[in-house]
Amino acid sequence: MPPSDISPLLEAVDVYKSFPKAGGAVDVLRGVDFTLAAGEAVAVVGPSGAGKSTLLNLLGALDEPTGGEIKHDGRLLRPEVATDVTHWRRHIVGFVFQYHFLLPDFTAHENLLVPVRLVREPGPDDRARADELLAAMGLSDRASHLPGELSGGEQQRVAVARAFMNRPKAVLADEPFGNLDRGKGSRLSDLLFQLRDREGTALVIVTHDPDLAGRADRVLELDDGRLRPVAAATTSGDGFDEV
Ligand SMILES: Nc1ncnc2c1ncn2[C@@H]1O[C@H](COP(=O)(O)OP(=O)(O)OP(=O)(O)O)[C@@H](O)[C@H]1O
Ligand SMILES: [Mg+2]
């Protein structure tokens, strides 16, 4: 059947993930079903070790499920086909990790062009887009700074801008502002959602921060290897973890 408009942007169908270990496998995901509509923002919460990063890595094709399927626009991601995986990582999804992973010898502006260089030699339009994204992140006056010449919050803002550079359909963010204090994190959450609103990009955000999760259209909790909806009332307060 051809992909149709009603297919979700991203879909995980009965996904399992185990890590083989001496003495018995670690079964992290045990039948996860997940759908992400175009432009939708979903937060994923859950205790430490629940498998949130594992799930994000599967959605981003950074790792392969042990069982089940990952689909984009109704089409199956075939992890064994390198071109499928490369296309997925370069054009469908953008990543924001907890640690920024900026290239230390490249300026902020040059770091934004890195995802473009994976696809083509950057042209004037790409440079203009990098400038525009840095401006959207309030970093116009930091474009020529190396990562080591930026504050932690500024580094994360560059990382967020970089994730949007190739106009992905979805940005996957793993604790994007987890290292920052609450005030800074809240400001960056504003900028992230402004960018999302402007570009129409879908978001999957793994977070322990109730403020950030509360901005999402839906909040899901990963626990015992499964994903479940969280009632809206529990998305405010001091946190999601019992710890
Ligand atoms: N490569 C691996 N080999 C074996 N076990 C692993 C591997 N990667 C992750 N795990 C285990 O899988 C479980 C889930 O890990 P994951 O990093 O997805 O948790 P998380 O929900 O992101 O936790 P946190 O909130 O602390 O970041 C953990 O118990 C972890 O020890
Ligand atoms: Mg994690």
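Remember, it's 1-based here, ligands and their atoms both numbered in the order they're listed.
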Test item: W88 side-chain N/O and L59 main-chain N/O as donor-acceptor pair under 3.5 Å: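 Between the backbone of L59 and the side chain of W88 there is a qualifying donor-acceptor contact (under 3.5 Å).
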Side-chain donor/acceptor of D14 to backbone N/O of G68, under 3.5 Å: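 Such a contact is absent between D14 side chain and G68 backbone.
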Considering the heavy atoms of [X], write down every atom of ligand 1 situated less than 4.0 Å from one of them.
X	answer
A50	19 (O), 21 (O)
H208	25 (O)
T54	14 (C), 15 (O), 16 (P), 18 (O)

Tell me, do [X] and [Y] make a side-chain contact under 4.5 Å, heavy atoms counted?
X	Y	result
V93	K169	no
R127	H109	yes
D211	S189	yes

Parallel, tilted or perpendicular, as decided by the 30° and 60° cut-offs, for the rings of F101 and F97: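 Ring orientation, 0 to 90° scale: perpendicular.
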Ligand 1 versus V28: contacting region, heavy-atom distance under 4.0 Å: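 Side chain only.
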Which segment of E175 sits under 4.0 Å of ligand 1 when only heavy atoms are counted: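 Neither part.
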P168 versus V171, closest heavy-atom pair with distance: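 Result for this residue pair: CG-CG2, 3.9 Å.
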Least distance between heavy atoms, G153 atom then L188 atom: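 Between these two residues, the closest heavy atoms are O-CD1, 3.6 Å.
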G51 near ligand 1 by a heavy-atom separation under 4.0 Å: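 Judged by the 4.0 Å heavy-atom criterion, G51 does count as contacting ligand 1.
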Any N/O pair F19/ligand 1 closer than 3.5 Å: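 Min N/O separation from ligand 1 is not below 3.5 Å for F19.
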N or O contact, G49 vs ligand 1, cut-off under 3.5 Å: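 Yes.
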The Mg ion (ligand 2) - number of protein N/O/S atoms closer than 2.8 Å: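 Atoms of protein N, O or S type lying less than 2.8 Å from the Mg ion (ligand 2) total 1.
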Option of least heavy-atom distance to atom 25 (O) of ligand 1 (set: K21, K52, K17, Q98):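 Residue with the shortest heavy-atom distance to the ligand atom: K52.
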Pair R215 + D190: basic N to acidic O under 4.0 Å: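 A salt bridge links R215 with D190.
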H91 versus N166, side-chain donor and acceptor atoms under 3.5 Å: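 No.
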